**Q** 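Pasting a structure below so you can have a look.
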Amino acid sequence: MADHPLPELTPLSEPYWKALDQGHLVFQRCTCGHAWLPPRLQCTACLGDDWRWERASGRGRLVSWVIYHTAYHEAFRSRVPYNVAIVALDEGPRLITNILAPASALARDMPVTLAIKREQGFALARFRPA
Amino acid sequence: MRGNIVIAGIGHTAFGKLPGRDTVSLNVEACRKALADAGVPKDAVDAVFVKTPTSSRELMYGQKLAEALGLQPRMGCAFDQGGAANVTGIMLAALAIEAGQCEVALVCYADNPRTGSRAVYARPRGDDAAYGWFSTAAGYAMLHQRYLLDYAPLPEAFGHVAVACRANGAANPNAQLKLPLSMEQYLAAPWVVEPLRRDDCCLVSDGGAAIVVMSARRARELGVRQPVPILGFGQGQTSWEVVQRPELTSTMAATAARTAFAMAGLAPKDVDVAQIYDCFTITVLMTLEDYGFCKPGHAAGFVAEGRIAAGGDLPINTSGGLLSETGMPGLQLVLEGVRQIRGTSTMQKKGAKVALVSNQGGTMHTHATLLLGA
């Protein structure tokens, strides 16, 4: 089977993926209060760089999703149909993820909760219906 | 500056599969034809604005093209605003002419993803490829899905857009796809990325197009036969990636249109015919709403009444659009707007006085609006 595509670790993104590996979803929060994902060096609200990693509750809501019926990568060939979703965390940041549920169980703004799952040993932030 | 600047000439290559042609050669052919259409000698050109090819990035593309055109322009640039780049280029040309920086500008675009590489359209979307997040289509599918969740339109709403564009393309001898589509065929087609069906998605095409922009005064001096005045333009840049966007079913297209209508002193009700960027059918529904042709969530009713079809009060994409004429990102829509004002479209709206063109790029990341008039 083909290798699963995995994130490229950079000095900026490594703490995010390391935290997931240890069982925690984290996001960045600036001293101005703004919170975000994915990792970036400066706050988009105040443009400052005085931010820290903060642990997320793991709760969020489902914003939208799509269903892939054909695979764009060898590693997903055996998984179709599979979903890719946007989840908005209760703390504000949004991320691309998968919902561990059949398409028929997905609904607008449904509450979801973090379910860390591994691909080739690498921890990913997936979600399941809350 | 309403009406001070005109589109003096239009030109394009064949659309479809054009093996053995690089993008510079396609641009040169389109520019040659646009200059011939304007009746303007090449030596009159002193500016070249070109959108960089989507399917392959090249350094100094603007200079490569100017060299191939045998020009040393006073002004020019190669730039990227996705599919909004063409109307953006026309804006840059118009503003530069008004400011005395140049007099006669070529605005052009060419690409060859059909015979070359279309990898960009199937690309992994950064680190999120780990979740299976691939392709251009999937980003639009995400918008389409949220639109379904918010407004619950029937799938036929999207089908009406595809059916109307395909009917217009079938009547256009230059269209890449001259195959009309029935609603039954639309609904029965397979998913690309659900909720996108096959015919929600535009073509992938080789080809090029160009226009000549100058002041109305210069057009008179040069004896241009059919100059089409630019009445207004505007831009709006949503910028946020789809996943980060706080609002998924509306974009800065609203701002682009408001700016263009204010400049032209016109309102949506004054538009006779519209070329609405149709890379995916959801883009058309959202643009109709953002532009004020109908209220948010009401585009389904608007298109179901037959208003956007040929013979309706707001026919759209009268040469077939991206869904049927060519998948080229946007300049073909400007050419068709010019034909409507000249009265030479293959799906002519009788007595059209105001033609609207929308351009958008990325996954509705950026938007530009153009109003042309008699």
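Everything quoted here is computed from the prediction, not taken from an experiment. Within every chain, numbering begins at 1; the chains are lettered A, B, ... in the order of the sequence lines, protein sequences first and strands thereafter.
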**Q** With chain B as the partner, which of Val87(A), Leu37(A), Leu6(A) has the greatest number of non-hydrogen pairs under 4.5 Å?
**A**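 Option with the top pair count is Leu37(A).
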**Q** Considering only heavy atoms, which portion of Pro38(A) lies under 4.5 Å from any heavy atom of chain B: side chain, backbone, both, or neither?
**A**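 Both backbone and side chain.
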**Q** Looking at side-chain heavy atoms only, is the closest gap between Ile67(A) and Trp191(B) below 4.5 Å?
**A**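 Not touching, per the 4.5 Å side-chain cut-off.
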**Q** At a heavy-atom separation under 4.5 Å, does Pro190(B) approach chain A through its side chain, its backbone, both, or neither?
**A**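 When you check distances to chain A, no heavy atom of Pro190(B) falls under 4.5 Å.
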**Q** What closest approach, in Å, do Ser135(B) and Tyr68(A) show between heavy atoms, and which atom pair accounts for it?
**A**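 Scanning both residues completely, I find the closest heavy atoms to be OG-OH, 4.5 Å.
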**Q** Is the side chain of Ser64(A) donor-acceptor paired with the backbone N or O of Met142(B) at a distance under 3.5 Å, no angle test?
**A**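 Indeed, once roles are kept as given, a pair shorter than 3.5 Å links the two residues.
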**Q** Can you name the closest pair of heavy atoms from Phe134(B) and Tyr82(A) and give their distance?
**A**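 Shortest heavy-atom contact: CD1-OH, 4.5 Å.
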**Q** Taking all non-hydrogen atoms of both residues into account, name the closest pair between Tyr72(A) and Ala122(B) and its distance.
**A**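 For Tyr72(A) and Ala122(B), the tightest heavy-atom pair comes out as CD2-CB, 3.6 Å.
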**Q** Using side-chain heavy atoms (C-beta onward) and a distance below 4.5 Å, is His69(A) in contact with Val193(B)?
**A**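 His69(A) vs Val193(B): side chains apart.
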**Q** Mind running side chain to side chain contact (heavy atoms under 4.5 Å, CB included) on Asp150(B) and Arg108(A) for me, showing each step along the way?
**A** CA-CA 8 Å; Asp150(B) 283 356; Arg108(A) 181 182 191 271; 2.8 Å; yes
**Q** Mind running side chain to side chain contact (heavy atoms under 4.5 Å, CB included) on Thr97(A) and Trp133(B) for me, showing each step along the way?
**A** CA-CA 8 Å; Thr97(A) 184; Trp133(B) 183 227; over 6 Å; no
**Q** From Leu9(A) CG over to Asp127(B) CG, what is the distance, rounded to the nearest 0.5 angstrom?
**A**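 Atom-to-atom, Leu9(A):CG and Asp127(B):CG are 8.0 Å apart.
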**Q** With only heavy atoms counted, which part of Arg245(B) is less than 4.5 Å from chain A, the side chain, the backbone, both or neither?
**A**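 Just its backbone gets close to chain A.
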**Q** State whether the number of non-hydrogen atoms from other residues, nucleotides or ligands found under 6.0 Å of Arg61(A) atom CZ is greater than 12.
**A**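 Check passes, neighbour count above 12.
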**Q** Considering non-hydrogen atoms only, spot the tightest contact between Pro7(A) and Ala130(B) and give its length.
**A**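 Closest pair (atom of Pro7(A), atom of Ala130(B), distance): CD-CB, 3.9 Å.
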**Q** Could you check whether any side-chain heavy atom of Tyr131(B) comes within less than 4.5 Å of a side-chain heavy atom of Arg126(A), counting everything from C-beta outward?
**A**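 Yes, close enough: below the 4.5 Å cut-off.
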**Q** Applying side chain to side chain contact (heavy atoms under 4.5 Å, CB included) to Val66(A) and Glu194(B), what does each step give before you reach the verdict?
**A** CA-CA 6 Å; Val66(A) 303; Glu194(B) 191 183 347; over 6 Å; no
**Q** What heavy-atom pair brings Arg40(A) and Trp240(B) nearest, and what distance separates the two atoms?
**A**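 Smallest heavy-atom distance, with atoms named: NH2-CZ3, 4.0 Å.
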**Q** Given the options Pro124(B), Ala129(B), Gly132(B), Ala141(B), which has more heavy-atom pairs under 4.5 Å with chain A than any of the others?
**A**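 Among the listed options, the one with the most contacts to chain A is Gly132(B).
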**Q** Which residue out of Ala137(B), Pro246(B), Pro195(B) racks up the most heavy-atom pairs below 4.5 Å with chain A?
**A**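 When all of Ala137(B), Pro246(B), Pro195(B) are compared, Pro246(B) has the most.
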**Q** Heavy-atom count around Glu247(B) CD within 6.0 Å, excluding the residue itself: above 12?
**A**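 Yes - once you tally the heavy atoms of other residues, nucleotides and ligands closer than 6.0 Å, there are more than 12.
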**Q** Under a 4.5 Å heavy-atom cutoff, which of Val63(A), Leu95(A), Thr70(A) has the most pairs with chain B?
**A**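 Winner by heavy-atom pair count: Val63(A).
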**Q** Side chain, backbone, both or neither: which part of Leu62(A) has a non-hydrogen atom closer than 4.5 Å to chain B?
**A**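 Contact with chain B involves the backbone of Leu62(A) alone.
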**Q** Relative to chain B, which segment of Ala85(A) carries a heavy atom at a distance below 4.5 Å: side chain, backbone, both, or neither?
**A**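 Backbone only.
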**Q** Counting only heavy atoms closer than 4.5 Å, note whether Trp17(A) contacts chain B via side chain, backbone, both or neither.
**A**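 When you check distances to chain B, only side chain atoms of Trp17(A) fall under 4.5 Å.
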**Q** To the nearest 0.5 Å, what is the distance between CG on Leu143(B) and CD1 on Ile86(A)?
**A**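 So the CG of Leu143(B) and the CD1 of Ile86(A) are separated by 7.5 Å.
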**Q** Which bit of Leu248(B) comes within less than 4.5 Å of chain A, counting heavy atoms only: side chain, backbone, both or neither?
**A**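 Contact with chain A: side chain only.
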**Q** Below 4.5 Å, heavy-atom pairs only: which of Ile96(A), Asp109(A), Val84(A) has the largest tally toward chain B?
**A**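 Looking at each of Ile96(A), Asp109(A), Val84(A) in turn, Ile96(A) comes out on top.
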**Q** For Arg55(A), does the CZ atom have more than 12 heavy-atom neighbours from other residues, nucleotides or ligands under 6.0 Å away?
**A**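 At most 12 heavy atoms, drawn from other residues, nucleotides or ligands, come within 6.0 Å of this atom.
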